[in-house]
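Reading through the structure tokens given below for one structure.
Order of listing sets the numbers, starting from 1, for every ligand and every atom in it. Excluded from the calculations below are hydrogen atoms, water molecules and symmetry mates; all remaining heavy atoms, backbone and side chain alike, are included.
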Amino acid sequence: MTMTSVKAWSLLLLPFSLVSMGKAECPVPPMNGKFVLSLESILKNSFADDSEALVECAKGYERAKGPTSITCVNGVWSEVKLICKKVDCGQPKPSPHMTYSSPDGTLFGAYIQPICETGYDLEGSSFRQCLVSGWSGKAECILSECVFPDPIEHGERVGPKNPVFNDVITYSCNDNYTLVGNSSITCGEYGEYSSPPPICIVMITQTKASTTTNKATTTDTTTASNFSHGGIGEKLTNGSSSEFIL
Ligand SMILES: *[C@@H]1O[C@H](CO)[C@@H](O)[C@H](O)[C@H]1NC(C)=O
């Protein structure tokens, strides 16, 4: 009577022991950088035989094709057939006067470089990276500005008060002064002018000099010719004021 009941118990338990002995659980599935276990599957403590785990593409990747599930068979996971490809950020939104250099493409992780048209300065990120959230940073191309030049002695300057690329400042000298240098300067692409401002120098009429001595006239002529050949000219200090002789 007692024997029978023990045997009966064993018989009842037999199918269950076979299940737990012959069919093994799977370990936590190994993942690589392109796909990860879904949150739901991560939270599972064990992976029984015949159970499924869900995989998904890692951050920065998206599903190209293939199933998102793997199956535990006799303690071994079926092969992951999910194929993930990098997210493509595509070309960033166009911005005025800007182009992008993207030698490494526009896929997740890639860097691109904003480039401004001539005469425009880059403001913002000098590089942008394709992230999960899209392109990092921001950039703008701003028209290059020049500082309005200081006044010059014995002359005037005319031009826009806030000069930008290609704006021209024009100079003129007061009566009896001669302009030396360029009569106009142009705001360049890096906020610099095309040349230094001109100077206004006083004109000395030669009549006075020639009436005094011939020697003086000769000196004056020599100085003038030096000047026209790009020489610095001779600066004569005459009391408190300095004069140039042409
Ligand atoms: C006048 O301007 C030109 C370019 O615009 C420059 O090459 C030249 O050096 C300038 N001359 C002077 C005297 O600044």
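- Contact atoms of ligand 1 toward P196: 14 (O) (distance under 4.0 Å to a heavy atom of the residue).
- The nearest pair of heavy atoms linking P29 to L37 is CG-CD1, 3.6 Å.
- Shown here, atom 7 (O) of ligand 1 is out of close reach of the protein: none of its heavy atoms lies under 4.0 Å off.
- Here the protein heavy atom with the shortest distance to atom 13 (C) of ligand 1 is G181 CA, 4.0 Å.
- S136 contributes a side-chain N or O that, together with a main-chain N or O of Q129, makes up a donor-acceptor pair within less than 3.5 Å.
- Taking the six-membered ring for Trp and thresholds of 30 and 60 degrees, Y111 and F127 have ring planes more than 60 degrees apart, a perpendicular arrangement.
- Taking only non-hydrogen atoms, the option from N182, I185, V180 nearest to atom 11 (N) of ligand 1 is N182.
- There is no path of hydrophobic side-chain contacts, each under 4.5 Å, that joins F165 to L122.
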